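Working notes for the structure below.
Fair warning: this is a prediction, and the values are worked out from it, not measured in the lab.
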Amino acid sequence: MSDQANILRGLMERRQFESAGAAAASPGAACTIAVTSGKGGVGKSNVALNVGLALAEEGARVCLLDANLGLGNIDLLCGLNGYWNLAHVVTGARRLKDVVLDGPAGLHVVPGASGLVDLADCSQAAQDEIFRQLEELERTHDFIILDTGTGIHQSIRRFLAAADVVLVVTAPEPTAIADAYATVKSLAGADESLRLQILVNQAESAQQARAILDRFKQTARTFLRRDVESAGFIPFDPHVPAAVRARRPLLHEHPECPAATAIRQLARRLKSIAASVPARPPFFARLARRASRKAA
């Protein structure tokens with residue numbers, strides 16, 4: 001019954017979403033949201049998946065790329081079984097349309113998007129063809145969500161710097177906060193139009209999350225001369241690991257739990273940010289230019 005309610009909610013809100021006038025809805029102008037972290041174990045992939053699902057339930061066309069280097073698991077969290085992934089597209093064994101999985105609520109999932117790192121070893125003709133397929137994928141979606149590895153990895157930073165929004169996920173523990181700061185520091189020299197958002201996951205209380213976010217923003221402003229925005233927090237919720245064990249997205253397995261409510265609020269915030277993102281060339285065109293500059 002809860003699944004049916006989510007579907008009905010998405011249908012009812014589709015018209016509202018389409019009339020919002022978000023820039024992300026324009027052909028070829030998908031808003032790219034890169035979800036990253038400074039260390040593993042902070043719930044980054046769960047956030048990426050369920051934010052994508054929340055946007056899809058509101059009627060957005062969402063594609064989720066699993067670009068977590070060597071550790072991709074989005075298909076498992078969705079209960080999907082995909083053998084082919086983007087690495088097979090890079091080698092020419094499959095075309096992009098052959099590896100896209102149909103996830104819940106119309107969400108599209110591209111497993112193994114970390115294979116994009118291998119593009120530097122391909123011929124220029126092969127790179128051009130793969131980016132052409134990726135740009136075609138982008139034109140048919142409103143949001144591209146990248147579930148990346150840790151942001152301090154050099155190849156991952158290329159993804160992050162080319163995105164419209166970077167969502168850095170941390171947890172309320174000193175090592176996670178320090179590593180999240182290192183990620184932001186690695187992006188401090190990126191284009192000022194890049195929206196850096198900090199999300200505290202698994203927070204014990206709103207007061208704890210606010211203290212972490214305020215201190216984080218102040219430190220970044222003082223030492224990095226970079227403004228970092230608060231994306232809010234997601235409370236610690238035992239329903240999250242239960243959904244992981246069930247191989248079901250949290251928003252479908254426990255749609256009314258506190259963490260699911262917070263994720264829907266986060267998705268609405270990101271949709272609002274997307275509406276204010278300045279017009280730029282498509283994400284994969286930007287990424288292709290960065291790849292060509294690196295090759296040169």
Side-chain angles (χ1 to χ4, degrees), residues 23-24 26-36 48 52 61-75 82-101 108-166 183 186-195 277-296:
S26 301
C31 178
T32 305
I33 301 170
V35 184
T36 191
R61 301 168 299 172
V62 183
C63 185
L64 176 58
L65 277 70
D66 190 348
N68 200 345
L69 291 175
L71 297 170
N73 55 18
I74 286 291
D75 53 340
Y83 175 76
W84 305 107
N85 58 52
L86 198 61
H88 296 102
V89 180
V90 172
T91 62
R94 284 290 183 274
R95 294 185 63 78
L96 182 58
K97 64 180 181 180
D98 299 326
V99 308
V100 177
L101 302 177
H108 290 148
V109 179
V110 179
S114 58
L116 285 170
V117 175
D118 300 326
L119 278 177
D121 300 325
C122 297
S123 68
Q124 188 60 52
Q127 290 187 42
D128 291 343
E129 172 57 22
I130 292 166
F131 277 117
R132 186 194 65 77
Q133 295 182 53
L134 288 166
E135 288 175 32
E136 183 178 341
L137 180 77
E138 185 175 0
R139 283 193 297 270
T140 58
H141 291 86
D142 303 313
F143 290 92
I144 300 290
I145 297 182
L146 289 165
D147 176 28
T148 77
T150 59
I152 57 176
H153 194 288
Q154 181 179 6
S155 56
I156 293 299
R157 288 205 304 271
R158 290 202 297 273
F159 292 144
L160 302 182
D164 296 308
V165 180
V166 173
T183 297
S186 73
L187 295 169
D191 192 318
E192 286 294 330
S193 64
L194 177 65
R195 302 285 294 271
V277 168
R280 295 202 293 171
F283 169 75
F284 289 111
R286 303 195 297 268
L287 196 61
R289 283 203 300 271
R290 290 176 180 272
S292 63
R293 287 201 300 267
K294 181 176 182 295

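Looking only at distances, no side-chain donor or acceptor of Thr32 sits under 3.5 Å from a matching main-chain atom of Ile145.
Atoms CD and CG, on Glu138 and Leu287 in that order, are 10.0 Å from each other to the nearest 0.5 Å. Atom-to-atom distance recorded for Leu101:CG and Cys63:SG is 10.0 Å, nearest 0.5 angstrom. For the atom pair Glu135 CD and Thr140 OG1, the distance stands at 12.0 Å (nearest 0.5 Å). Atom CG of residue Leu137 and atom NZ of residue Lys97 lie 13.0 Å apart, to the nearest 0.5 angstrom. Rounding to the nearest 0.5 Å gives a distance of 11.0 Å between CZ of Arg139 and CG of Leu134. To the nearest 0.5 Å, atoms OG1 (Thr148) and CZ (Arg158) are separated by 13.0 Å.
What you find for Tyr83 and His88 is that their closest heavy atoms are O-CE1, 3.6 Å. Arg280 approaches Ala163 most closely through the heavy-atom pair NH2-O, 2.9 Å. Of all heavy-atom pairs between Val110 and Leu96, the closest is CG1-CD1, 4.3 Å. Taking both residues in full, the closest heavy atoms of Val277 and Asp164 are given as CG1-OD1, 3.6 Å, listed atom of the first, atom of the second, then distance. Scanning all heavy atoms of the two residues, the minimum distance from Ala162 to Arg286 falls at O-NH2, 2.6 Å. Taking both residues in full, the closest heavy atoms of Pro111 and Asn85 are given as O-CB, 3.0 Å, listed atom of the first, atom of the second, then distance.
For the pair Val109/Asp66, no side-chain contact is recorded, criterion being any heavy-atom separation below 4.5 Å from C-beta on.
Ring geometry for Phe131 versus Phe284: interplanar angle of 30 to 60°, hence tilted.
Checked for salt-bridge contact, Glu129 and Arg132 meet the test: a charged N lies under 4.0 Å from a carboxylate O.
Screening Ile74, Ile33, Asp75 for a side-chain contact (heavy atoms from CB on, under 4.5 Å) with Leu64, the sole residue that qualifies is Ile74.
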Going through the checks in order, is the side chain to side chain contact (heavy atoms under 4.5 Å, CB included) test met by Leu146 and Leu65? CA-CA 5 Å; Leu146 289 165; Leu65 277 70; 3.7 Å; yes
